[in-house]
Amino acid sequence: MTIGSRERLLSGYRLAIAVGLCVPALMLVFAAGPTAHGQSMKKPNKGAMAGKKGATGSGSMSALDRLRQLRKERERTERRSGTPKKTGDGQYSWATPDDVTYIDEALGEEWSYLGFPVSQQCTDGEFLRRASLDIIGRIPTLEESETFFRDKSAKRRENLVNRLLASEDFGKNMANIWTKLLIPSGPDFDDEETNREAFHAWLEREFNRNTPWDKVAYEMISARGEWQENPAVNFILAHKQGDRTADVTSYFTRNILSVQTQCTECHAHPWNEWKQHHFHGLNAFFIGTKEFEKEELDERGDTYTASITLEEIPYQELADGGTYFMLRNGMQVYTPPRYLDGRSINDLMLGEKAREPGSREDAGLTFSAELDLLLNPDMSVPDTGDPIYLREVLAKTVTSDDDPYFAQSMINRLWYQFFGHSFIKNVDDFDNGQDEPTMPDLLDRLAEDFKKNDYDVKRAIRWICSSDAYGLSTKQRGRDAEAAIGFFTFQLVKPMSPEQLYDSLMALTRYDRASRSMDPARERAMFINAIMRTFTSDQLATTTPAFEGSISQALMMMNSRLIHQATRATPGTFLHELVGNTEKKTDDKVEDLFMVALCRRPMGQERKALSVLQRNSRSEEEFLQDVMWALVNSNEFLLNH
Amino acid sequence: MAITRRHFVKHMTAAGSMALPMSQWIQSAHAARESGKAPKTRSMILLWMSGGPATIDIWDLKPGSKNGGEFKPIQTTGSGQICEHLPQLAKQMKHLNIIRSYSSREADHARGTYLNHTGFPPLPTVVHPAIGACVAKFNSPESLEIPGNVSLGAGGQGVSPGFLGMTYAPFRVNAGRPVPNTITPVSDVRHASRAELWNAIETGFVKQRRGGLPEDHSAIYGKAHKLMGSTLLDAFDISKEPENMQARYGDHQFGKSCLLARRLVENGVPFIEVGLGGWDMHNGIFEALAGAPMNGGPSRLKQVDDGFSALVEDLVQRGLWETTTIVWMGDFGRTPKINIDGGRDHWPRCWSVVLGGGGMKGGEVVGATDKDGVAIVDEPVEVSNLFASLYKSVGIEPTTELRSPNGRPLRLSGLFGDGQYIKQLF
């Protein structure tokens, strides 16, 4: 149960109620809350795991709550009986091999409890566009739309998702997302020190093969070898600066575990129990890791880094089995490798299970006791006779089934990818002592199923896409629908990433096929760069999406040479094909453009505007070009909804 | 006052398409006049010396020391001496202050650029907003039709609006060239015609109540359209300046950018960064600083002397000095020791920054380095002290806190900043 989270949410309504958006039912729920609230707030540090032991079956249930419970139970039995779901386009159903109706049940329960109006199911066209952008990172082509709309079966949405997951573009989209997370570009990065392209290609391959996520993560943490031959090494290469590995540690905990440790490099975490030695214990797993650069001369005679190889010295051969760090009081202390929950190398290799985050041996220790722990570290290792590679020990620990964060982190990230909001305020910030997941039980159960199914990413995406919530419209009901964010009563409109925008522009215009450029990949990179300069990189967008366009971007979309050329009827482009088609009526050509750009036909005011525009145009070509321009500049095109 | 009126008139001419904001603007202008205060944007111009300037050869010369180099110091109208190759600037030094005891701790170009633009060292989890984004956020007049953060020939590495978002991203323009993408690629008539269809799609989608993003998109497009039709685009056209004025600023990109910066300040833009590169002088430093003109234009010092001095003189003459802050700095300073190639390497430990205007005193010298320029001996100035002073000079409380996306409170004046500005300057 998630009483605590609900109260947190509801407390946000005070203002709304005060200004007259008062919903009587809400006030009742609010008034019934304080005890439960108090209970959950006492142990804020348990974070992600706390929900399990939250208050259940509160004795003082109001009459309204009881009514709700009845209604909820009735709804649940209805759902179990397998009522097909309805949209404006008729009925559809999902027949996934896995029973994940609990997603709908859990959300349905929250929705009826909260009493918030839930949006309707979106149209099939909206679903097509959304699922395509979320799964393959671009809008569907005309052919792909036609395939979808030809499918009149109740399973058409499920069939679509399966087709999208089987597409090679799936891996590309996932690699775009994960490369940006794991090796972002920015002031911290020396591009010479990592091979981002090789890493991207590797991720793309792994996601398309559907390699289990624990294996992918294991590789990224433990890999040894040359950056092209074993591209997984590039993650560590990107963040390792000489002997300094602190950024490797903070990037991997933040992105693989959704735990932010970076503040604890220099000071104890302000809101939870994490101390500096947790960070440096984890950081010590990288002490044996070394990189070897191979430099070559370019044509001008300047040296450049031709290749880097990441190696590791076995633990037994290290002169020093730990690392020094400075406490805030200036005292220099020492720690051997220790996992976040305090387990030593010895503990880990002997297979000791993960410790409950709240029961760390050092939780609540006095300073002197903590110091004692630091001054007398357990340095023993089991004598296996084999070399011990610290990163392998770490990777095995991180990706093991009993790790409290690993599976939840990926599920939560996927959820964020498909909903624009995760179960927690910031997608990469579990256990920070402040924010609790909105639906810990659901997150937990999905994570358990993810583990049971061998960390099968495509399968988890099928679960998410089959949920009622994923198919909800982005049209909001009720004035303050956004206050229920995190309970998924409607779908959020999401901004496109630069890569999504580029690939969508190409799906619509097919300019990439017309371009006489010798190097389409380079052209794509240049275009994306131009967009990036006017867009913000979304690597730090971890909460609710915001529109990150700028005036420069709007000017570029409206007036640049780039867009002007891309929206012209040069041979090879979609527009050229349409203009050259003498069989098709102009109206149908316009419908085709709307269908690809927006996955719908023109309506109402648009039809009027279209006929005026057509009258003012000197030729069909000019008219269609103007339609294309209007479409690519619209909010409906540029947003994922 | 004259400037304010001109600003006002420009708005009047553009009024047709923006009835509501216009009336609001008139109201606030009236209100301000009644209370006796003209609404004047407090602006900042950052002269960014990309690559890291050798301040030991420019602002803090060490004659007689083995580190002293080839240049001689000259008297100025302020209390400190500066390099002989800055004769025009020497006459303006009564308005400017030299901090000779600045210390910034980052010796890498990207990291130093980030630190000296944001007040924070780079951190893996948050992208701090650069000072330009912050000043634009706090000081942009509501009626401003052009972006409040303009970058003139400055590089992009490590300078971003960070978590403040793209609204405050630098609007990049090259002085002497038209503002990019403000001219439609089709005729005006055809643009208006296609924009009607655009409008039908755009507003139709907004009406469907899908949250704030569709509306935000429309708002940005509204601003972009306004800019395309704005008479303020004229502000970007420096050829409108008299020839002698253009000559005074110098016939080179830096001078042109300084002139454009002044025009933008007159039009209420709160932050302008002017970039001048080529300071990473690992060899042959004295020739590079003050030698004969090369294909990159006159020497670095000649360009600085022309543009910087003209800008100060001009702003003072136009009565804009009290409301405009100028700061000159770069990635870091350069090593006091001259290396084997006759150059100087990266040196963040003690170097000089020059600033003035914005209600600060003038002609002051803050702090000092020792006789060889290798250590600070008096009044050390931290990054946070500099940033606190800069924010204070444009009327922004240095202890103002922003909240990063992960909930961490960040003070404008930097990581360990407690808002301690440099007392000597105020």
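Per chain, numbering begins at 1; letters A, B, ... match sequence-line order.
- Remark: B:Val186 pairs with A:His564, B:Arg190, B:His191, B:Arg194 by the side chain to side chain contact (heavy atoms under 4.5 Å, CB included) rule, at least two apart or across chains.
- Annotation: maximal heavy-atom pairing with chain A below 4.5 Å, among B:Thr184, B:Leu197, B:Val179, occurs at B:Leu197.
- Between B:Arg210 and A:Ser473, the shortest heavy-atom distance links the atoms NH1-OG, 4.4 Å.
- Between the CZ atom of B:Phe205 and the CG atom of A:Leu638 there is a distance of 10.5 Å, given to the nearest 0.5 Å.
- In this structure, A:Lys240 places its NZ atom where more than 12 heavy-atom neighbours from other residues, nucleotides or ligands lie under 6.0 Å away.
- Nearest heavy atoms, A:Ser552 versus B:Phe171: OG-CD1, 3.2 Å.
- In this structure, A:Gln614 places its CD atom where more than 12 heavy-atom neighbours from other residues, nucleotides or ligands lie under 6.0 Å away.
- More than 12 heavy atoms of other residues, nucleotides or ligands sit less than 6.0 Å from atom CZ of A:Arg600.
- The part of A:Phe594 that comes within reach of chain B is its side chain, from C-beta onward, which places non-hydrogen atoms under 4.5 angstrom from that chain.
- In this structure, the portions of B:Gln208 lying under 4.5 Å from any heavy atom of chain A include both its backbone and its side chain.
- Listed here is the closest heavy atom pair of A:Asn635 and B:Ser218: ND2-OG, 3.8 Å.
- Counting heavy-atom pairs under 4.5 Å between each of B:Ile201, B:Leu227, B:Asn199, B:Ile146 and chain A puts B:Ile201 at the top.
- When each of B:Thr182, B:Val206, B:Val189, B:Thr203 is scored by its heavy-atom pairs under 4.5 Å with chain A, the top score falls to B:Thr182.
- Residues B:Ile220 and A:Ala554 share a closest heavy-atom pair of CG2-CB, 3.9 Å.
- Neither the backbone nor the side chain of A:Val612 comes within less than 4.5 Å of any heavy atom in chain B.
- Taking a 6.0 Å sphere around CG of B:Asp341, one finds it holds more than 12 heavy atoms contributed by other residues, nucleotides or ligands.
- For the options A:Gln491, A:Met603, A:Gln625, A:Lys608, heavy-atom pairs under 4.5 Å to chain B are most numerous at A:Gln625.
- Of the two parts of B:Ile183, only the backbone, made up of N, CA, C and O, holds a non-hydrogen atom closer than 4.5 Å to a non-hydrogen atom of chain A.
- Within the 4.5 Å cutoff, the side chain of B:Pro214 has heavy atoms near those of the A:Leu639 side chain.
- At a threshold of 4.5 Å between non-hydrogen side-chain atoms, the residues B:Asn181 and A:Met558 do not count as touching.
- Between chain A and the residues B:Met228, B:Glu196, B:His225, B:Glu215, the most heavy-atom pairs under 4.5 angstrom are made by B:Met228.
- Nearest heavy-atom pair, B:His217 versus A:Ser634, reported as atom, atom and distance to 0.1 Å: CE1-C, 3.7 Å.
- Shortest non-hydrogen contact noted between B:Tyr221 and A:Asn633 is OH-OD1, 2.7 Å.
- If you measure heavy-atom distances from A:Ile563 to chain B, you find no contacts under 4.5 Å at all.
- No donor-acceptor pair closer than 3.5 Å links the side chain of A:Asn559 to the backbone N or O of B:Pro185.
- At a 4.5 Å heavy-atom cutoff, A:Arg607 makes no contact with chain B through either its backbone or its side chain.
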